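For reference, the structure is listed below as structure tokens.
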Amino acid sequence: MPSRGPAPLPCKLLLSRRRVVTACAAVAVLAAAALLLSAPATDDHSRPYLVDSVLESTSDELDEPAEGRFGDASSPSPAEPPLPSPPPLETNLTSRITPAPSKFLVPAPSPADTFDDGSMEEPEHPDLKENPHVESAPFIPEPISTGSHIRSSDINQGHDMSGPAVLPPRPEAPLWSTAADEELIYAKKEIDNAPLVSNDPDLYAPLFRNVSVFRRSYELMEKLLKVFIYHDGSKPIFHSPELKGIYASEGWFMKLMEGNQNFVVRDPNRAHLFYLPYSSRQLEHNLYVPGSNTIEPLSIFIKNYINLISAKLPYWNRTKGADHFFVACHDWGPYTTKLHDELRKNTIKALCNADLSEGFFIRGRDVSLPETFLRSPRRPLRGIGGKPAAQRSILAFYAGQMHGRVRPALLQYWGGKDADMRIYSRLPHRITRRMNYVQHMKSSKYCICPMGYEVNSPRIVEAIYYECVPVIIADNFVLPFDDALNWSAFSVVIPEKDVPKLKEILLGIPENHYMAMQSNVKNVQKHFLWHPNPIKYDIFHMILHSVWFSRVNHIQIE
């Protein structure tokens, strides 16, 4: 008889085997999950990064469980509500972003690589502003009228420094009060009643809106301010500053903030401010796919990051982000906040792209960040200075790329048409052999700073470095440190429509007024200088003060 194979197993034995297989599968799943949770954060720079799912830390106490992490803090932990369930993170981000070389992967080219004039320039990029709230008006210059009278309103129009900044609506009241809130209330009352300052050797009063308010606020910042820095996130987007090029402001601030021992605290219960230490430049560098013409992946990444920290710790939820801040100099910094309403509306955003027309920058809450171009991170003060005012033979100078709506009009009206107006798209070799870009700035009375793709330009601070009076042509631009500095004392702000009248306006400025402005440029210079070890009133402290001042202004007094 042919064999029919092995006899079937009894029913009870078959059922037992199924149970064994199911149990083994369950054990395998649990083991895989344990391995994933215990895996260290990678520093692989070859692919985009998601925020880590476990809190990274460089301090011992942050390795403790969350509920007992701050048990020994000097100030008692508030009665915290239960944390909300973590919102679903879009963990498929890496699968939707193909690693590709970014157009900014290489360091910013040296001036000789792009121009013989030695100027710094914003890299050319497609316009990726996605659905801005308000579009900027097209550039429509007014015709030149012969013999027209120059009014005082033609200069610094729209930048009245006499009145206080208008504050935006406050966010909702925090979920619970802290000792830090009480200190902010105390600081606000002190600033409102600041004693009159006269003859301060370190502060030149004409440079400020109100030097008495600024000094008292700065004193209180030095005395009280505590900043907690989140440790979540792997390099290179987090905790990885870029110290060279036109985005150096955010990198230098990150480096100096994370190394600071006067303001930074490890206990978030003591903090007045919470720093979100990510780089918008590194975000673009690692997540933007060239040719995609979308920054949606960058916005998703930031939304996931905020969802993560708000689910793991209660401090974001306490104020809905109103006591949190970030610093971003890349043009796309504001647009990456669009998918998280609380981040966009409540958080203090220190932005180089401080454009009021697009609905992201909120005057009175956000901070206009100076855009500083640094060629040598080891020598940030290299080459600073310029000729005395009496030896500046050039009336006005500009050389650079022709992107944006203002620069082509500037070249159209003044390029090569007037010996006093040295306006170029690039400096010809025959000129650079005699005088390069920096020498032109050091020899000019006025340095023209027109907007490019965005309202800000590193030329503004560069003009201050070379002691040349900046002429700023950018409507809807909130000038750096607008909360403290009186820009009309050391700069000229001209509406975009008045480009055809540029020379007329500059010649209409009395000589004694120009001399006072040029002297003030030299006086204000120290507030825009980076130092490897920060010093009082320098650019690091000015940025931090603007963030502190915004937070104090928005604290609610019952």
Side-chain angles (χ1 to χ4, degrees), residues 109-124 138-148 150 154-155 246 373 386-387 389 391-460 462-463 465-475 491-509 511 514 518:
S110 66
D113 294 334
T114 51
F115 296 99
D116 293 323
D117 55 23
S119 67
M120 76 288 121
E121 269 300 333
E122 301 89 339
E124 294 204 20
F139 180 81
I140 305 176
E142 290 185 352
I144 300 178
S145 56
T146 56
S148 60
I150 301 300
D154 292 330
I155 303 174
I246 65 171
F373 177 76
K387 291 183 178 181
Q391 298 179 21
R392 292 177 176 260
S393 57
I394 302 171
L395 175 64
F397 169 69
Y398 169 82
Q401 293 183 18
M402 286 293 113
H403 53 246
R405 62 179 182 263
V406 175
R407 297 179 187 187
L410 185 67
L411 187 67
Q412 173 191 347
Y413 281 96
W414 299 109
K417 298 179 181 178
D418 192 311
D420 293 331
M421 305 291 288
R422 307 284 182 90
I423 308 298
Y424 307 94
S425 60
R426 58 181 293 172
L427 280 175
H429 289 288
R430 58 183 173 79
I431 293 179
T432 57
R433 284 197 297 266
R434 299 193 304 270
M435 182 184 292
N436 65 22
Y437 176 86
V438 171
Q439 289 169 335
H440 271 82
M441 295 197 85
K442 292 186 175 188
S443 303
S444 298
K445 296 177 68 173
Y446 297 99
C447 289
I448 311 302
C449 307
M451 66 174 290
Y453 284 119
E454 306 295 348
V455 289
N456 206 341
S457 167
R459 282 181 180 79
I460 298 172
E462 189 180 43
Y465 285 175
Y466 299 138
E467 299 171 3
C468 179
V469 175
V471 178
I472 302 162
I473 310 176
D475 295 349
S491 72
V492 178
V493 179
I494 295 177
E496 295 173 15
K497 65 181 178 61
D498 286 345
V499 165
K501 298 190 291 184
L502 180 57
K503 182 178 180 180
E504 190 179 0
I505 290 173
L506 296 180
L507 289 178
I509 298 173
E511 184 66 16
Y514 161 73
Q518 201 272 338

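Predicted model, so just to flag it, every value in this text is computed and none were measured.
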Within the 4.5 Å heavy-atom criterion, are [X] and [Y] side-chain neighbours or not?
{"X": "Ile431", "Y": "Asn436", "value": "no"}
{"X": "Cys447", "Y": "Pro470", "value": "no"}
{"X": "Ile505", "Y": "Asp498", "value": "yes"}
{"X": "Leu502", "Y": "Leu410", "value": "yes"}
{"X": "Met451", "Y": "Ile473", "value": "no"}
{"X": "Ser443", "Y": "Lys387", "value": "yes"}
{"X": "Val471", "Y": "Ile494", "value": "yes"}
{"X": "Asn456", "Y": "Glu454", "value": "no"}

Which atom of [X] lies closest to which atom of [Y], heavy atoms considered:
{"X": "Met441", "Y": "Cys468", "answer": "O-CB, 3.6 Å"}
{"X": "Ile246", "Y": "Pro458", "answer": "CG2-CG, 4.0 Å"}
{"X": "Leu427", "Y": "Ala399", "answer": "CG-CB, 4.1 Å"}

The ring-ring contact (aromatic ring centres under 6.0 Å, His included) partners of Tyr465 (sequence neighbours excluded) come to none
Original post:
Centres of the Tyr446 and Tyr514 rings: under 6.0 Å?
Top reply: yes
**OP:** Mind telling me whether His403 and Tyr453 have parallel, tilted or perpendicular rings, with 30° and 60° as the class edges?
**Re:** parallel
request  = Report the C-alpha distance between Glu467 and Arg392 in whole Å, list the side-chain angles of each, state the deciding distance to 0.1 Å, and finish with yes or no for side-chain contact (heavy atoms from CB on, under 4.5 Å).
outcome  = CA-CA 10 Å; Glu467 299 171 3; Arg392 292 177 176 260; 3.6 Å; yes
Would you sort out whether Asp475 and Lys497 count as a side-chain contact (heavy atoms from CB on, under 4.5 Å), showing the intermediate values? CA-CA 9 Å; Asp475 295 349; Lys497 65 181 178 61; over 6 Å; no
For Ile448 and Ile472: C-alpha separation, side-chain torsions, deciding distance, then whether side-chain contact (heavy atoms from CB on, under 4.5 Å) applies.
CA-CA 6 Å; Ile448 311 302; Ile472 302 162; over 6 Å; no
>> Between Tyr398 and Arg407, does the side-chain contact (heavy atoms from CB on, under 4.5 Å) criterion hold? Intermediate values first, please.
In response: CA-CA 10 Å; Tyr398 169 82; Arg407 297 179 187 187; 3.1 Å; yes
So how far is it from [X] [atom1] to [Y] [atom2], rounded to the nearest 0.5 Å?
{"X": "Leu506", "Y": "Asp420", "atom1": "CG", "atom2": "CG", "value": "10.5 Å"}
{"X": "Phe373", "Y": "Ile460", "atom1": "CZ", "atom2": "CD1", "value": "15.5 Å"}
{"X": "His440", "Y": "Ile394", "atom1": "NE2", "atom2": "CD1", "value": "4.5 Å"}
{"X": "Trp414", "Y": "Met421", "atom1": "CH2", "atom2": "CE", "value": "5.0 Å"}
{"X": "Tyr413", "Y": "Lys501", "atom1": "OH", "atom2": "NZ", "value": "11.5 Å"}

In short, salt bridge (charged side-chain N to carboxylate O under 4.0 Å, His left out) pairs touching residues 434-449 with sequence neighbours left out are Lys445-Glu511
